[in-house]
Amino acid sequence: QVQLVESGGGLVQAGGSLRLSCAASGRTFSYYAMGWFRQAPGKERAFVAAISWNGDKTYYADSVKGRFTISRDNAKNTVYLQMNSLKPEDTAVYYCAADRFRLRTVVGAGLDEYDYWGQGTQVTVSS
């Protein structure tokens, strides 16, 4: 059974930074791309960022490009999301997710490309 546990969320003022972590267990973490998604109140879950299984490819939503950085440490089975220059519109529950496909050469932005999800961590950005 794959488990993904997010941490690092919280309340921050606009312009501030947070780093989210997602610890994985239950299957060979280093074989799978990982993604971050977010869901704001009343909105659908949306793609934020993804990273390939070996970390050589990353992909970002336009809304976070240049402000957020996704990275991974396969030795620690952990994926990170460094969030800088936070804006009130970044307020959401953030979820990490594991790719459905093993050793893919591309990274995906679709929800259906990921088959395991964490429980989410709340990020609130005050103005």
Side-chain angles (χ1 to χ4, degrees):
Q1 183 72 14
V2 175
Q3 283 195 317
L4 302 174
V5 180
E6 302 98 335
S7 61
L11 173 64
V12 64
Q13 287 190 330
S17 298
L18 284 174
R19 188 172 88 149
L20 306 183
S21 300
C22 172
S25 62
R27 69 180 180 187
T28 307
F29 174 79
S30 59
Y31 287 174
Y32 296 88
M34 297 293 294
W36 284 98
F37 292 76
R38 66 187 181 187
Q39 189 166 15
K43 295 189 176 181
E44 294 186 350
R45 194 169 297 189
F47 171 75
V48 175
I51 187 167
S52 60
W53 62 273
N54 61 356
D56 70 342
K57 293 185 181 68
T58 57
Y59 180 46
Y60 297 92
D62 287 344
S63 58
V64 306
K65 207 172 291 184
R67 300 187 298 122
F68 291 11
T69 303
I70 188 171
S71 61
R72 66 190 296 159
D73 185 340
N74 284 346
K76 295 183 178 179
N77 289 353
T78 302
V79 62
Y80 304 97
L81 186 68
Q82 177 67 44
M83 305 186 296
N84 298 329
S85 303
L86 282 160
K87 305 175 181 179
E89 51 263 43
D90 294 318
T91 295
V93 177
Y94 283 72
Y95 299 89
C96 70
D99 195 357
R100 183 180 301 278
F101 306 103
R102 188 170 176 266
L103 297 174
R104 275 211 295 176
T105 57
V106 295
V107 290
L111 274 71
D112 60 354
E113 296 179 79
Y114 296 83
D115 59 352
Y116 290 101
W117 296 80
Q119 82 289 348
T121 186
Q122 176 70 47
V123 171
T124 303
V125 184
S126 63
S127 56

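Throughout, residue positions are numbered sequentially from 1 according to the sequence presented.
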Nearest atoms (heavy-atom pairs only) where [X] meets [Y]:
{"X": "V123", "Y": "G9", "answer": "CG2-CA, 4.1 Å"}
{"X": "Y114", "Y": "G35", "answer": "CE2-N, 3.6 Å"}
{"X": "S52", "Y": "V107", "answer": "N-CG1, 3.2 Å"}
{"X": "L111", "Y": "F37", "answer": "CD1-CE2, 3.7 Å"}
{"X": "G118", "Y": "Y95", "answer": "O-CD2, 3.5 Å"}
{"X": "G8", "Y": "L18", "answer": "O-CD2, 3.8 Å"}

For a 4.5 angstrom cut-off between non-hydrogen side-chain atoms, does [X] reach [Y]?
{"X": "L81", "Y": "V48", "value": "yes"}
{"X": "D90", "Y": "R67", "value": "yes"}
{"X": "S63", "Y": "R38", "value": "yes"}

**Study point:** More than 12 heavy atoms of other groups within 6.0 Å of K43 NZ
**Key:**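 Atom NZ in K43 is not packed in, count stays at 12 or less.
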Check your understanding: Is the number of heavy atoms from other residues, nucleotides or ligands under 6.0 Å of K57 NZ greater than 12?
Key ->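 More than 12 heavy atoms, drawn from other residues, nucleotides or ligands, come within 6.0 Å of this atom.
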Check your understanding: F68 and W36: aromatic ring centres closer than 6.0 Å?
Key ->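 Ring-ring flag for F68/W36: false, centres at least 6.0 Å apart.
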Practice item. Establish, yes or no, whether a centroid distance under 6.0 Å links the rings of Y59 and F47. Key: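 Judged by ring-centre distance (under 6.0 Å), Y59 and F47 do meet the cut-off.
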At what distance, to the nearest 0.5 angstrom, does [atom1] of [X] lie from [atom2] of [Y]?
{"X": "Q1", "Y": "Y116", "atom1": "CD", "atom2": "OH", "value": "5.5 Å"}
{"X": "S30", "Y": "N77", "atom1": "OG", "atom2": "CG", "value": "7.5 Å"}
{"X": "S127", "Y": "Q13", "atom1": "OG", "atom2": "CD", "value": "9.5 Å"}
{"X": "I70", "Y": "M83", "atom1": "CD1", "atom2": "CE", "value": "12.0 Å"}
{"X": "Y31", "Y": "L103", "atom1": "OH", "atom2": "CG", "value": "7.0 Å"}

Donor-acceptor under 3.5 Å ([X] side chain, [Y] main chain):
{"X": "R27", "Y": "V2", "result": "no"}
{"X": "N74", "Y": "W53", "result": "yes"}
{"X": "S17", "Y": "N84", "result": "no"}

Determine, for [Y] and [X], whether the Lys NZ or Arg CZ falls below 6.0 Å from the six-membered ring centre while staying within 45 degrees of the axis.
{"X": "R19", "Y": "Y80", "answer": "yes"}
{"X": "R72", "Y": "F29", "answer": "yes"}
{"X": "R102", "Y": "Y32", "answer": "no"}

**Study point:** side-chain hydrogen bond (donor to acceptor under 3.5 Å, both in side chains) contacts in which one or both residues fall within residues 103-112, not counting sequence neighbours
**Key:**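 Those involving residues 103-112 are D99-R104, R104-E113.
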Practice item. Provide the full list of side-chain hydrogen bond (donor to acceptor under 3.5 Å, both in side chains) pairs with a residue in residues 2-11, sequence neighbours left out, each pair given once. Key: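 The answer is E6-Q119.
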**Study point:** ILVMFWY network linking M34 to W117, side-chain heavy atoms under 4.5 angstrom
**Key:**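 No.
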Practice item. Give the intermediate values and the outcome of side chain to side chain donor-acceptor pair (under 3.5 Å) for residues T124 and Q122. Key: CA-CA 6 Å; T124 303; Q122 176 70 47; 3.3 Å; yes
Review point. In terms of side-chain heavy atoms, does D73 have a donor or acceptor partner in T78 at a distance below 3.5 Å?
Key: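 The criterion, which ignores hydrogens and geometry beyond distance, is not satisfied for T78 and D73.
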